[in-house]
Amino acid sequence: MSLVNIKDLSVCYGAKTVLHNISLVVNPGEGWVIRGESGSGKTTLGRTIAGSVRHSGDVTIHFNTQSPLPATTLFVESWYRFTNLEGDRNFYYQQRYNHQQRRDTVTIARELELFGKEHALNNVRLQELIATLDYTRVLDEQLFEISSGEHKKLQLIKALWLHPQLLIIDQPYTGLDVKSRGRLNELLNAYTGNGGTLILISNDTELPACVNRFAMLKDGRLSTDETAFRFEEKVLKPLPHFLKEPPQYTTQTLIHMKDIHVRYDDKQVLSNIQWQVNAGDRWLLQGHNGSGKSTLLSLITGDHPQAYANDIKLFGVQRGGGESIWDIKRRIGLISPELHWYFDANATVLQSLASGFFDSNGLYRQLRYMQKQQLDELLKFLDLYDVKNELLTTLPLGKQRLALLGRTIIKNPQLLVLDEPCQGLDQQQTQYFNKLVDEISRNGVTIIYVGHFETQLPACITHKLVLENGRSIENNRIATQSR
Amino acid sequence: MANYFNTLPLREQLNQLGVCEFMSNDEFLDGVDALKGKKIVIVGCGAQGLNQGLNLRDSGLDVSYALRKEAIEEKRASWKNATDNNFNVGTYEELIPGADLVINLTPDKQHTSVVSAVMPLMKQGATLSYSHGFNIVEEGIQIRKDLTVIMVAPKSPGSEVRAEYLRGFGVPTLIAVHPENDPEGKGLEQAKAYCVGTGGHRAGVLRSSFVAEVKSDLMGEQTILCGLLQTGSILSFDKMLEKGIDAGYASKLVQYGVEVITEALKHGGVTGMMDRLSNPAKIKAFRISEELKTIMRPLFQKHQDDIMSGEFSRIMMEDWANGDANLLKWRAETGETAFEKTPAGDVKIGDQEYFDNYTLMAAFIKAGVELAFETMVEAGIKPESAYYESLHETPLIANTIARKKLFEMNRVISDTAEYGCYLFDQACKPLLADFMKTVDTDLVGKNFNEGKDGAVDNQELVEVNEALRSHPVELVGTVLRKAMTAMKAIKTA
Ligand SMILES: NC(=O)c1ccc[n+]([C@@H]2O[C@H](COP(=O)([O-])OP(=O)(O)OC[C@H]3O[C@@H](n4cnc5c(N)ncnc54)[C@H](OP(=O)(O)O)[C@@H]3O)[C@@H](O)[C@H]2O)c1
Ligand SMILES: [Mg+2]
């Protein structure tokens, strides 16, 4: 008997039909992947199967009553929200660097312990999962202290630990480094090997061997024809004029870091880093999850209090020499998964982009005429003009990311810090975005780009810094690529 | 030491109570300049101390921490807070003599002992700052005449002061200069610079005086903010149990209801809150709030009188001297109320249901906000100050009840607020006993509109709407809310 049987499923959000007459049969033990562009209805389909969306048509699930596996469906959201101990969600992205003698959220270990208790799970299995995904390092940290990739792992560990009969994972690889992806694929193979049925929502190409069925959504309609799956390459519109202006550098060396050390209690996060970034350099910063990339960047963006205890010169000024963090941020356009995660939930698309003028998380000031002009130009360039008054959080993830990318360039800064800017974007969006970065880089802007995958990088990169366990293992100019 | 306010002639009392000005953005164009390059030493590294210090440093100022010897030797939380964040930490002897600005952020109860220890070490012409004026106004501590004394009081807990700063915003802040201690006339410039350093200038700054801050702060927290929210919550819950409403439902309605209902205050004041009710419910709530105001007015006046005369601080300081005997007793009693001990049930209550089924709370809040405001203004406090300490803060406190009920509210607010809250609650409950006998479940627990046809008299509705909109707290509120261009949902204590 089939496990999932979907007949004539339609879903509407208000006046908008998101899924049209979908029919699909999933048999026990199958591994499915559902592909589709951002906004095509993938996530809605996943949620509907998991039973959390109002719909018309039939969605029936027949669990195997003989199976030892929990007769349940688990949907792993690509984006989930946790609360602090007081039940609030008012986090800010810099919070993990602001050490205080208090607990705001539970630790990872505790979170897992509670989950295990709730579902009466076996601890031995948990230890295996932790070891396989290299997760021991973060167990004592609080929820708000870990990176988005580490949050993704937490979700995956819970799901695989529970081992439900049906597992649906929305964007399983977001934020994972190359090694973790491989490990995850092994775990997913083992999951179906043990009788689980898997549905992945992803446009990634390196899928586990157990994935043998394919579906694709386009504008809310489903097709299982594999050949229909091809992304059209999106062409770049001409760059807005203001982004062609070369940035105004006041000094040749933008970043000068000497013997950088950062530690929390007994944990060394960065050791002995030397780094110099000159005007016009375009750096790639790499390293596996937890290698210290984001911490290093936070020292540059004025977000880390330990910058005051290190020898750092930013834009020609020694840190701690009486400059304010706003003087620093003024020169930088920043995007990171954490910035996105904790971004002001009440901001519209326009307000989100506009906040880049002031380096604030949300818009709190009046815009001047020229700023409004620039915003309109950029919104049109990014194809976001029609949704400019919608709440950022209501857009598909890929579009949200694009809006926050717009936020980084809106003031045409000297330095772009792009920390995994394409995390959560599909191939097509990533390509488009990287082309955009290449195009912008022509004006001479300095770039630091964090990305895990060699195939998904902009072509303009000129230098490379690689971190491993908080140390630099490669720090040099790379052979210039053709542009 | 004598109560400072009581040493002033009436003319000067009124004068200081009346300092109140909503500052415009262009008063802060000089940024942090007045403190640039100056040595700032913060005494105490707790909730306010650490977070204000982090902000000031991130604004380009030179900050270090002076802690008491024991805290350093025993590596207490305050020491860890400061050293983990790479601040320079030292004893009073090491750091105070070099300080241009000493910021006292120790608990209010300790201010006399801390300031007495610190003051002799301060250099000639330095500045001493507070985030609350109790020590100056109520305890009447005398500060050396060469020292400047200022106040910068964020209207939020420390963690929010930090969070909002890093988001690029700030929290509403009150600043003041003590007229007895401004020998060089630099107090205001420094207070403004300090306020910019914490980000407060972005969220709305009220120039006040030590006297106005203390007298209005005490009045607000004792009556509407904490006192009446506590009394109203307990009475509502007990009434529902008496009438056989499910305890879990009642607990949830009360715990979250205050938050949902007062949220409407933030955007549209009392009028906005009342507009969420159906027309018949609005008229009913209006009528009973008038009744409540008549019953409670003498109590509000007594609190204001005792605050003005210093009687309140006298008895509270007696309790301090008595090892907090009363405070601890009342705290324990609050923990034992049925409301506190009944967990919120696992039921879904929609936003509108909170209004429809808890009309009584809207009436309590309208009565409390207006009474507190009216009483403060009658006592000489300016409407803008009175607005901040009544309507503005109500939703922020209600938030804490939603989190973990009254225990949480009383934990988050200061000891002074907590003491005053219990004092009010003790007196208010018996005062409302007869009134509560007239209350039935249509006002609390069930939908007010059920079984009614929704008809109202046009004339009556027009009158009620007019009365709501023309209340002075609404007039000043409309102006202030507009001025705080980017008013945001911020918690406070
Ligand atoms: N909390 C708020 O929401 C809020 C809002 C606005 C204004 N304020 C005002 O801010 C001030 C500080 O309040 P807070 O809530 O930040 O206090 P807190 O968190 O309790 O911190 C108090 C600090 O003072 C130190 N301390 C305690 N007793 C001391 C003593 N006898 N001598 C020297 N240091 C001592 C403590 O460190 P050790 O015990 O380790 O020495 C601790 O670091 C008060 O005036 C308060 O009214 C508070
Ligand atoms: Mg990272």
Side-chain angles (χ1 to χ4, degrees), chain A residues 83-88 90-102 104 144 261-265 298 301-310 317 319-330 339 342-347 351 355-366, chain B residues 25 31-32 35-38 45-47 50-51 53-63 75-88 158-160 162-170 196-197 199 202-203 256 399-400 402-404 408 412 484-491:
Chain A
T83 61
N84 65 17
L85 293 174
E86 292 168 345
D88 282 343
N90 57 342
F91 299 101
Y92 49 103
Y93 80 91
Q94 304 96 326
Q95 196 164 347
R96 57 189 175 137
Y97 310 121
N98 280 269
H99 232 60
Q100 309 212 353
Q101 290 301 306
R102 52 179 259 198
D104 291 300
F144 75 84
H261 287 270
V262 171
R263 61 181 302 139
Y264 309 125
D265 294 328
S298 71
T301 53
D303 289 329
H304 204 307
Q306 294 218 26
Y308 294 100
N310 275 292
V317 180
R319 255 335 239 125
E323 80 298 350
S324 85
I325 56 170
W326 309 108
D327 293 335
I328 296 168
K329 288 174 180 293
R330 200 155 46 80
L339 180 133
Y342 301 127
F343 200 77
D344 180 7
N346 299 316
Q351 289 168 339
S355 69
F357 282 120
F358 312 107
D359 310 301
S360 53
N361 184 332
L363 182 65
Y364 311 111
R365 286 185 240 180
Q366 302 289 342
Chain B
N25 286 343
V32 297
L35 291 175
K36 200 97 207 185
K38 300 250 189 295
C45 193
L50 171 63
N51 291 299
L54 284 165
N55 289 2
L56 292 170
R57 179 173 67 178
D58 276 349
S59 295
L61 299 174
D62 177 355
V63 178
K75 305 197 166 178
R76 288 191 191 152
S78 56
W79 179 85
K80 287 269 302 161
N81 271 339
T83 46
D84 279 356
N85 286 291
N86 303 298
F87 284 107
N88 177 29
S159 51
E160 279 305 292
R162 180 65 176 154
E164 287 303 322
Y165 178 82
L166 286 177
R167 288 185 184 120
F169 196 50
V196 170
R202 300 209 175 103
Y256 298 97
N399 234 321
T400 63
R403 273 186 259 153
K404 282 195 205 130
E408 173 71 2
V412 170
M484 290 182 274
T485 34
M487 247 284 276
K488 288 214 346 162
I490 303 170
K491 298 178 297 181

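To find a chain, count down the sequence lines: A is the first, B the second, and so on, and within it residues start at 1. Keep in mind that the numbers below use all heavy atoms, side chains included, and drop hydrogens, waters and symmetry copies.
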Quiz item: Between Leu61(B) and chain A, which part of the residue has a heavy atom less than 4.5 Å away: side chain, backbone, both or neither?
Solution: neither
Quiz prompt | 4.5 Å side-chain heavy-atom contact, Asn88(B) and Tyr308(A) | solution = no
Quiz item: Which heavy-atom pair separates Ser360(A) from Gly168(B) by the least distance, and what is that distance?
Solution: CB-CA, 3.8 Å
Quiz item: For the atom pair CZ (Arg263(A)) and CG (Asp84(B)), what is the distance rounded to the nearest 0.5 Å?
Solution: 11.0 Å
Quiz item: How many angstroms lie between atom CZ of Phe169(B) and atom CZ of Phe358(A), to the nearest 0.5 angstrom?
Solution: 13.0 Å
Quiz item: Sequence neighbours excluded, which residues qualify as ring-ring contact (aromatic ring centres under 6.0 Å, His included) partners of Trp79(B)?
Solution: none
Exercise. Quick one: closest heavy-atom pair of Tyr364(A) and Arg167(B), and the distance?
Key: CE1-O, 3.4 Å
Exercise. Please name all residues satisfying salt bridge (charged side-chain N to carboxylate O under 4.0 Å, His left out) with Arg57(B), sequence neighbours left out, ordered by chain then number.
Key: none
Quiz item: Is any side-chain heavy atom of Ile325(A) closer than 4.5 Å to a side-chain heavy atom of Leu166(B)?
Solution: yes
Quiz item: Quick one: OH on Tyr97(A) to CG on Leu54(B), what's the gap to the nearest 0.5 Å?
Solution: 15.5 Å
Self-check item: Pairwise side-chain contact, Arg202(B) with Arg365(A), heavy-atom cut-off 4.5 Å (strictly under)
Solution: yes
Quiz item: Which atoms of Glu323(A) come close to chain B, meaning under 4.5 Å heavy atom to heavy atom: side chain ones, backbone ones, both, or neither?
Solution: backbone
Self-check item: Under 4.5 Å from a heavy atom of chain A, the part of Asp62(B) involved
Solution: neither
